[in-house]
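Working notes, structure below.
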Amino acid sequence: MTLHVGLYHFLIVSAMLFALGIYGVITRKNAIMVLMGIELILNSANINFIAFTRFGLMNLTGQVVAIFVIILAAAEAAILLAIVLNVFQQLNTVNVDEVDKLKN
């Protein structure tokens, strides 16, 4: 018995990751959890790019875009963590609902 993993399997996994990411972004108040939700969304896009490349619907462009998305996610995480640390230092909270002032 051989197991054939097709494009639809990758798309289903990607859709589930995307849904979990959207759920995390919408329902969480903690900025770190929101960041993790955004990372799930970006990784679901990467799975799609790599799957389309693997199954011949995109040539090497999908892999290049996936690497670009990984670089973008790393930069976004670094900047957002710096902002979260600064907000926590100023306001003693990381809840996005409680941060409504730009100046303390």
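- Other cluster members for Met36: Met33, joined by side-chain heavy-atom distances under 4.5 Å among Ile, Leu, Val, Met, Phe, Trp and Tyr.
- Nearest approach of Val25 to Gly37, heavy atoms of both residues: CG2-C, 3.9 Å.
- Partners of Val99 by side-chain contact (heavy atoms from CB on, under 4.5 Å), not counting sequence neighbours, listed by chain and number: Val87, Leu91, Thr93.
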Derivation and outcome, side chain to side chain contact (heavy atoms under 4.5 Å, CB included), residues Phe52 and Leu11 = CA-CA 9 Å; Phe52 284 129; Leu11 294 179; 3.9 Å; yes
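- Note on residues 30-45: no pairs pass salt bridge (charged side-chain N to carboxylate O under 4.0 Å, His left out), not counting sequence neighbours.
- Sorted by first and then second residue, the side chain to side chain donor-acceptor pair (under 3.5 Å) pairs involving residues 15-26 (not counting sequence neighbours) form an empty list.
- Apart from Val96 itself, the hydrophobic cluster it occupies contains nothing, where clustering links Ile, Leu, Val, Met, Phe, Trp and Tyr at side-chain heavy-atom distances under 4.5 Å.
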Show every donor-acceptor pair shorter than 3.5 Å between a side-chain atom in residues 13-22 and any protein atom, with sequence neighbours excluded, or say none if there are none.
from  : atom 1 : to    : atom 2 : distance (Å)
Ser14 : OG     : Ser44 : O      : 2.7
Ser14 : OG     : Asn48 : OD1    : 3.2
Ser14 : OG     : Asn48 : ND2    : 3.2

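- Taking Ile, Leu, Val, Met, Phe, Trp and Tyr as hydrophobic and joining them when side-chain heavy atoms fall under 4.5 Å apart, one finds Ile67 in a cluster with Ile71.
- Applying the ring-ring contact (aromatic ring centres under 6.0 Å, His included) rule to Phe10 yields the partners Phe55; only residues at least two apart in sequence or on another chain are considered.
- Applying the salt bridge (charged side-chain N to carboxylate O under 4.0 Å, His left out) rule to pairs touching residues 8-18 yields nothing, sequence neighbours excluded.
- Sorted by first and then second residue, the pairs that involve residues 68-97 and meet salt bridge (charged side-chain N to carboxylate O under 4.0 Å, His left out), not counting sequence neighbours, are Lys29-Asp97.
- Hydrophobic cluster of Val94: the remaining members, joined at side-chain heavy-atom separations below 4.5 Å, are Ile32, Leu35, Leu80, Leu81, Val84, Phe88, listed by chain and number.
- Following chains of ILVMFWY side-chain contacts shorter than 4.5 Å, one can reach Ile26 starting from Val34, so the two form part of one hydrophobic cluster.
- One distance of note links CG of Leu42 with CD1 of Ile47; it measures 11.5 Å at 0.5 Å rounding.
- Closest approach of Asn92 and Gln89 over heavy atoms only: OD1-O, 4.4 Å.
- For residues 51-68, the side chain to side chain donor-acceptor pair (under 3.5 Å) pairs, not counting sequence neighbours, are Asn59-Thr61.
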